[in-house]
Enquirer: 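Here it is: the structure, laid out below.
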Amino acid sequence: MIVTRFAPSPTGELHVGGARTALFAFLFARHNGGKFLLRIEDTDRERYIPESVGHIIAALNWLGLVPDNNDKVVIQSERLEIYKKAANELLNNGHAYICVCSKEKLTADRERQIAEKKPPRYKGHCRELNLKKNDVADEEFVIRMKVPKGGSIAVNDLIHGEIIFDLSLFDDQILIKSDGYPTYHLASVVDDHEMSVTHVIRAEEWLPSTPKHMLLYKMFDWNIPAFAHLPMNLAPDRSKLSKRHGATGVFEYKNLGYLPEALINFIALLGWHPSDDREIFSLSELIKEFSLERVQKSGAIFNIQKLDWLNGEYIKNMSTKDLYGALIDFYKNKPEIISDKNNALKLLEVGRSRMQKLTDFQTLKDSFDIHEYDKNLLIWKESSAEKTLTNLKLTQELLRSLLINEFSQKELEAEIMPLANTNGRGEILWPLRVALSGKNKSPGPFEIMSFIGKEETLRRIEMAIQKLES
RNA sequence: GGUGCCAUCGUCUAGCCUGGUCCAGGACAUCGCCCUUUCACGGCGGUAACGCGGGUUCGAAUCCCGCUGGCACUACCA
């Protein structure tokens, strides 16, 4: 049974980079019929933001990456005794030791070493001291792991292959901090073991500390899981993706009008690609196609233009009913925007190819509305006001005489195009379109008429005629 | 500084393992044309890449070495 996990630190909302990591862990588990678990790594009490736990879970659910332990998420801060017990075991069998070096001393050491252009290392003062817990006051010691002085360790990464690390380069990593909380290294190893995680799928920044984790597994005499280190998501300038590059949170993208399906599809393609040229994938198609072998090694820039395009594709191809549903949800705090259901449905029918994001609905709506405009806008290129007036009146007469009440684009075209072909398309259609929209850029006249209906069409044309006659 | 990872169009990538079918394919963006009353949609087409230098080989984007560059790690942060 394959088990993967996503283990974010609750220091803010779910980041798109984190979502990508979660997605790959989710896809790998689902593809193999395994489990995908969520664990909250809240061992850093200084950066801890309580609300972010709920936000992360909500974001995961919005994306459709529902963990199998959604109702029983593992929270590290509730498991302190387990980590202490594990650390004590290491203490007892000589794989760890108590260290009383003060933070100040360590910082000073490190600064001096850096100034001397030497690698900053823990000097190992306490390594052979063999201090006992009874010898030291609470809150004044840490527990460090005893990393062997020599030798090497090979990490067999599913994406990068075999990587050999020289153990002499590793510091004696702190396992339990002076506040009694475990560090990432201890907690993640203990939990991955307890949760029976078989594949540790995480961001590449963890690759350099994987040997420490493997050492820990060996010290505990536990089975070592498989590792897969995912390439980073980068900002356009190839630096680490951060706030200063714009939106980074999953919910920020939601609020910008992106669909979860499009966001998922987009981040899946950031570091993974099938062997053919397909680019549109639903979550279930991704589950079917995904494999770690086809994950890219190099970092990928988060390029929002492609996300925009993908989102537009999803909007174009989903059913009107689904799109309407997405909009209802999107505007749940501003329901007035979409309160008239028939109107909204009709609008989507006529104009949805103009939408790329859900926020474009407002623009779309506005493009069928009319506002005050300058009458000269009605005149086509080199044409004259008189000619325009005559043509508008001709069009008005024609439309008035139509017996049809429900304007359809096809019927309207059949009725008006002959006139336009005779008198000149620009001469007929431009004034008509401006009369209907009041804008220099807008949907076509037939689109607008079919949307607003006969009565409103005639009213707007009459308005234009009066403008010209005044 | 040290260690490690990575390196194909501006961007995401296919191809690399199993060298020849690659004067490198697709997509986004961009440009042009068509459609068209405008804008968008749509259709068609163009520009654009194997980081550099050495090998190995009849032949290298593909294998090897070096260099350069980018990134990560080097915390009582994860």
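Labels below follow one simple rule: chain letters A, B, ... track the order of the sequence lines, proteins then strands, and each chain is numbered from 1. Quick caveat, the model's predicted, so the values are computed rather than measured.
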Enquirer: Considering only atom P, compute the distance from rG26(B) to rA49(B) and round it to an integer number of Å.
Expert: 14 Å
Enquirer: NA contact type, Lys297(A), heavy-atom cut-off 4.0 Å: base, sugar-phosphate, or nothing?
Expert: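 Counting heavy atoms under 4.0 Å across all strands, the contact made by Lys297(A) is with sugar-phosphate only.
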Enquirer: Show every side chain to side chain donor-acceptor pair (under 3.5 Å) that has at least one partner inside residues 142-165 of chain A, sequence neighbours left out.
Expert: Asp157(A)-His229(A), His160(A)-Glu204(A)
Enquirer: When the P atoms of rU38(B) and rC33(B) are considered, how many whole Å apart are they?
Expert: 14 Å
Enquirer: Residues in ring pair (Phe, Tyr, Trp, His ring centres under 6.0 Å) with Phe24(A), at least two apart?
Expert: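 Per chain and number, Phe24(A) pairs via ring pair (Phe, Tyr, Trp, His ring centres under 6.0 Å) with Phe290(A).
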Enquirer: Anything under 4.0 Å to a heavy atom of chain A counts; send over the first and last such nucleotide of RNA chain B, read 5' to 3'.
Expert: rG1(B) to rA78(B)
Enquirer: What nucleic acid atoms does Arg294(A) come within less than 4.0 Å of, heavy atoms only: base, sugar-phosphate, or nothing?
Expert: sugar-phosphate
Enquirer: For nucleotides rU30(B) and rU11(B), find the distance between their P atoms and express it as a whole number of Å.
Expert: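 My reading of the P atoms in rU30(B) and rU11(B) gives 16 Å.
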Enquirer: Using a 4.0 Å heavy-atom cut-off, does Lys240(A) contact any base of the nucleic acid, only the sugar-phosphate backbone, or nothing at all?
Expert: sugar-phosphate
Enquirer: Which residues within residues 436-450 of chain A lie with some heavy atom under 4.0 Å of an atom in RNA chain B?
Expert: Asn440(A), Lys441(A), Ser442(A), Pro443(A), Gly444(A), Pro445(A)
Enquirer: Taking the six-membered ring for Trp and the single ring otherwise, decide whether the centroids of Tyr184(A) and Tyr83(A) are under 6.0 Å apart.
Expert: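 No: the rings miss the under 6.0 Å criterion.
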Enquirer: Could you let me know what rC73(B) is paired to, Watson-Crick or G-U wobble, both distances under 3.5 Å, or none if it's on its own?
Expert: rG2(B)
Enquirer: Which residue pairs satisfy the side chain to side chain donor-acceptor pair (under 3.5 Å) criterion with at least one member in residues 267-276 of chain A, sequence neighbours excluded?
Expert: none
Enquirer: Of all residues at least two apart in sequence or in a different chain, which pass the ring pair (Phe, Tyr, Trp, His ring centres under 6.0 Å) check with His185(A)?
Expert: His213(A)
Enquirer: Here's a test of your reading of the structure: between Asp277(A) and Glu205(A), which maps to the more 5' nucleotide of RNA chain B?
Expert: Asp277(A)
Enquirer: So that I can tick it off, tell me whether Glu279(A) and Lys306(A) are bridged by a salt bridge, with the cut-off set at under 4.0 angstrom between side-chain N and carboxylate O.
Expert: yes
Enquirer: Can you tell me the Watson-Crick or wobble partner of rA7(B), both distances under 3.5 angstrom?
Expert: rU68(B)
Enquirer: Is there any salt bridge (charged side-chain N to carboxylate O under 4.0 Å, His left out) pair reaching into residues 420-434 of chain A, and which pairs are they, with sequence neighbours excluded?
Expert: Lys387(A)-Glu427(A)
Enquirer: How would you list, by chain and number, every residue that makes a salt bridge (charged side-chain N to carboxylate O under 4.0 Å, His left out) with Asp171(A), sequence neighbours excluded?
Expert: Arg121(A)
Enquirer: Does rU18(B) have a Watson-Crick or wobble mate here (both distances under 3.5 Å), and if so which one?
Expert: none
Enquirer: Tell me, which pairs form a salt bridge (charged side-chain N to carboxylate O under 4.0 Å, His left out) where one or both residues lie in residues 355-376 of chain A, sequence neighbours left out?
Expert: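 Qualifying pairs, neighbours excluded: Glu372(A)-Lys467(A).
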Enquirer: Measuring centre to centre across the rings, with the benzene-like ring taken for any Trp, is Phe28(A) within less than 6.0 Å of His199(A)?
Expert: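 Centroid separation for Phe28(A) and His199(A): below 6.0 Å.
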Enquirer: So, using ring pair (Phe, Tyr, Trp, His ring centres under 6.0 Å) as the criterion, who are the partners of Tyr324(A) when residues are at least two apart?
Expert: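 Tyr324(A) satisfies ring pair (Phe, Tyr, Trp, His ring centres under 6.0 Å) with no other residue.
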Enquirer: For atom C1', what is the distance between rC64(B) and rC17(B), given to the nearest Å?
Expert: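 Between the two C1' atoms, the distance is 15 Å.
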Enquirer: Can you check the distance between rC50(B) and rA7(B), where both ends of the measurement are the C1' atom (answer in whole Å)?
Expert: 10 Å
Enquirer: Which whole number of Å gives the distance between the C1' atom of rA29(B) and that of rG19(B)?
Expert: 34 Å
Enquirer: Looking across every strand, which nucleic acid part, if any, lies under 4.0 Å from Gln113(A) by heavy atom: base, sugar-phosphate, or nothing?
Expert: nothing
Enquirer: Name the residue closer to the 5' end of RNA chain B, choosing between Ile301(A) and Gln76(A) according to the nucleotide with the nearest heavy atom.
Expert: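 The answer here is Ile301(A).
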Enquirer: By the 4.0 Å heavy-atom rule, please label Ser298(A) as base, sugar-phosphate, or nothing.
Expert: sugar-phosphate
Enquirer: Does rA48(B) pair with anything, Watson-Crick or G-U wobble, both distances under 3.5 Å, and if so, with which nucleotide?
Expert: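 Checking every strand shown, rA48(B) finds no partner, since no pair has both distances under 3.5 Å.
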Enquirer: Any base atoms under 4.0 Å from Arg433(A), or only sugar-phosphate, or nothing? Heavy atoms, all strands.
Expert: base
Enquirer: Looking only at atom P, what distance separates rU8(B) and rG55(B), rounded to whole Å?
Expert: 24 Å
Enquirer: Counting Watson-Crick and G-U wobble pairs only, both distances under 3.5 Å, name the nucleotide matched with rA40(B), or none.
Expert: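 Answer to the pairing question: none, since rA40(B) forms no Watson-Crick or G-U pair.
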Enquirer: Does rA29(B) pair with anything, Watson-Crick or G-U wobble, both distances under 3.5 Å, and if so, with which nucleotide?
Expert: none
Enquirer: Side chains of His125(A) and Lys105(A): donor-acceptor distance under 3.5 Å anywhere?
Expert: yes
Enquirer: Heavy atoms only, 4.0 Å cut-off, all strands: where does Ser275(A) land among base, sugar-phosphate and nothing?
Expert: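 Here Ser275(A) touches the backbone only, sparing every base.
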Enquirer: Looking at residues at least two apart in the chain, or sitting in another chain, which of them share a side chain to side chain contact (heavy atoms under 4.5 Å, CB included) with Asp179(A)?
Expert: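 Listed in chain order: Arg45(A), Lys177(A), Tyr181(A).
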Enquirer: Hey, does Pro119(A) reach any base, or is it just sugar-phosphate, or nothing, if we go heavy atoms under 4.0 Å?
Expert: base
Enquirer: Considering only the P atoms, how many Å lie between rA27(B) and rG46(B), rounded to the nearest integer?
Expert: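 So the two P atoms sit 12 Å from each other.
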Enquirer: I need the residues from residues 41-50 of chain A with at least one non-hydrogen atom less than 4.0 Å from RNA chain B; give them sorted by number, or say none.
Expert: Glu41(A), Thr43(A), Asp44(A), Arg47(A)
